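A short write-up of the structure that comes next.
As the structure is a computational prediction, the values presented were derived from the model and not from experiment. Below, read A as the first sequence line, B as the second, and so on, with proteins coming before strands; counting in each chain starts at 1.
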Number of protein chains: 2
Amino acid sequence: MTDFLPPIQTMARDDAVLKALVGFVRQEALGPGEKLPTERILAERLKVSRNTVREALTRWEGLGLVERRQGSGTYLKAAVSPDMLHMPLTLAGGNDFAGLMRTLEIRRALEAEAAALCAIRAGKAEIAEIERKLGIMEDAFRTRAGMSSEEDWEFHQAVYRASGNPLFEQIISAMHELFHRFWEHPLGVRDFGHASFPYHRTIFDRIAAHDPEGARAEALKLIATVEDDLKRGAANLKLSDRR
Amino acid sequence: MTDFLPPIQTMARDDAVLKALVGFVRQEALGPGEKLPTERILAERLKVSRNTVREALTRWEGLGLVERRQGSGTYLKAAVSPDMLHMPLTLAGGNDFAGLMRTLEIRRALEAEAAALCAIRAGKAEIAEIERKLGIMEDAFRTRAGMSSEEDWEFHQAVYRASGNPLFEQIISAMHELFHRFWEHPLGVRDFGHASFPYHRTIFDRIAAHDPEGARAEALKLIATVEDDLKRGAANLKLSDRR
DNA sequence: AGTGGTTCAATGGTCCAACCAATTTCTGCA
DNA sequence: TGCAGAAATTGGTTGGACCATTGAACCACT
């Protein structure tokens, strides 16, 4: 008796609201930063209660798709499309040094793969863009005599983009935002990230040579130096200000 | 001169509700599956409106921390802790074949890294557990003359767990749930995953030998066979039923 | 005992009509 | 013209009401 009866489903009101909202955003061609209708107008137009609209928007806000500013309005924070898929991750106990090390292991995995894919797929334009970012970073390194997280981050982002797979940038960007205070912070280590500097160019060289395994190896070396710096930092700092 | 005017403590009401709820869950030692107080009781106890309670719970529901069943109650779906960090990812346009290929690239990155870490960190107990899962999978393969997604998945999960980093399992589990219908589906290819079978044991061998780079290499080979199967499937199927 | 139907209380889902608080816009005076 | 204060706009919160679903208790009939 395995006749699978379809698990009957009546679409929830708030899901319907979001669906309608997706249609509206597409029809109006709204992009990130733009303001969408007020809750009251949405409620009236969609013939649902303002409460229901709010539940729907709360969902989107939780997913980072939208930002609500009291007294001002609700603004799009990212592009929306009908076939979006949501993958909320909650990391238990990721607020300390051990948590940072764990995310760094994820980053190592993705960084290596992205570099390898990039070496395979990057065209002339992408390679030129990466080289440009590399130049900016190296200039900043020389003038300021040290690593600059901003320019460093831009370089890596360029690599992710050239990997041809937007998921890399999305995942690592989320982690980057999450651990901003750690990621950016020297963590008590002087010349934090200094050791990683030369590997940026070696990674670029392997990418430009379309050598995926070489690029992967260099990326692994880079992350290894960051891990070392981090471990030195952990020794220096008790990390009691974990907020 | 107002030296130290308060650092403004007006935490959002719903965040406060969630904070209180975290405290409650910990004090009562509630685990996944258990039921938490009704919205009305929470509203009364916390001295906030039921609507506010609902907004807070909507957030948690969106994050997959909680499940609401009308007429029954609200149930915990995962462990909660005070220092949780949330990383919601929304993947645009990931609902088709190309999207599946992209997630597979992520999986390749994480799978390889997890296998390598596992080879470094797995103790006797973890290795025994992986071997047990491997045995179950191989039995299922023989009796049913083909890959079994269920047992296959259990094997990989055992590897993720033994990696010592829960993030691997979390991320890949989320992707697994998301693409359930694709992941599980033969996609029109007969003997889907057949080619990947032998690599499960070679991965295990490298892990048991504490050979991280060997394990990484075998994991990469495994994913490569899956990608090949997928490409064959794409040729067979027009994938017009993308929902 | 067991099967099926009914009742009823509990619970999440939706709605309404206010009011509060932050923001933006407008207005009128200097 | 410049700018402080009023007014309108908008998200945030409240309290109360009713609906829809669930599950347990109860009951009648076999």
Hey, is the side chain of B:Arg54 poking within less than 4.0 Å of OP1 or OP2 on C:dG13, counting only N and O atoms?
yes

Considering only side-chain heavy atoms of B:Ser72, which listed nucleotide, D:dG23, D:dT10, C:dT14, is closest?
D:dG23

Can you check the A:Leu57 CG to C:dT14 C1' distance for me, whole Å?
16 Å

Between D:dG11 and A:Arg40, counting only base atoms on the nucleotide and side-chain atoms on the residue, is there a donor-acceptor pair under 3.5 Å?
yes

Is the backbone N or O of A:Asn165 less than 3.5 Å from a side-chain atom of B:Arg102, with the two atoms forming a donor-acceptor pair by type?
no

If you measure only the distance, is there a donor-acceptor pair under 3.5 Å linking the side chains of B:Gln170 and B:Tyr160?
no

Please report the distance, rounded to the nearest Å, between CG in B:Asp14 and C1' in D:dT14.
14 Å

Rounded to whole angstrom units, what separation is found between the CZ atom of A:Arg59 and the C1' atom of C:dT14?
14 Å

Using whole Å, report how far CG of B:Leu42 lies from P of D:dT14.
14 Å

Taken to the nearest whole Å, CD/B:Glu39 to C1'/D:dT14 is 15 Å

Spacing between A:Glu55 atom CD and D:dG11 atom C1', to the nearest angstrom:
15 Å

D:dG15 base / B:Asn51 side chain donor-acceptor hit below 3.5 Å
yes

Do B:Glu129 and B:Lys133 sit within salt-bridge range, that is, some charged N less than 4.0 Å from a carboxylate O?
yes

Please pick, from D:dG11, D:dT14, C:dC15, the nucleotide with the shortest atom-to-atom distance to any side-chain atom of A:Arg13.
C:dC15

Between C:dG12, D:dG11, C:dC15, which one does the side chain of B:Thr74 approach most closely?
C:dG12

Should A:Glu61 and A:Lys77 count as an ion pair when the cut-off is N to O under 4.0 Å?
no

Expressed in angstrom and rounded to an integer, what is the separation of A:Leu46 atom CG from C:dT14 atom P?
13 Å

Cation-aromatic face contact A:Arg68/A:Tyr75, 6.0 Å, 45 degrees
no

d(CD, B:Glu67; P, C:dT11) in whole Å
17 Å

Can you identify which nucleotide, out of C:dG13, D:dG11, C:dC16, has its nearest atom closest to the A:Arg68 side chain?
D:dG11

Heavy atoms from C-beta onward define the side chain here; which of D:dG23, C:dG12, C:dA22 lies closest to that of A:Gln70?
C:dA22

Measuring to OP1 and OP2 of C:dT23, would you say a side-chain N or O of A:Arg69 lies under 4.0 angstrom away?
no

Between A:Ser49 and A:Gly71, which residue's closest nucleotide on DNA chain C lies nearer the 5′ terminus?
A:Ser49

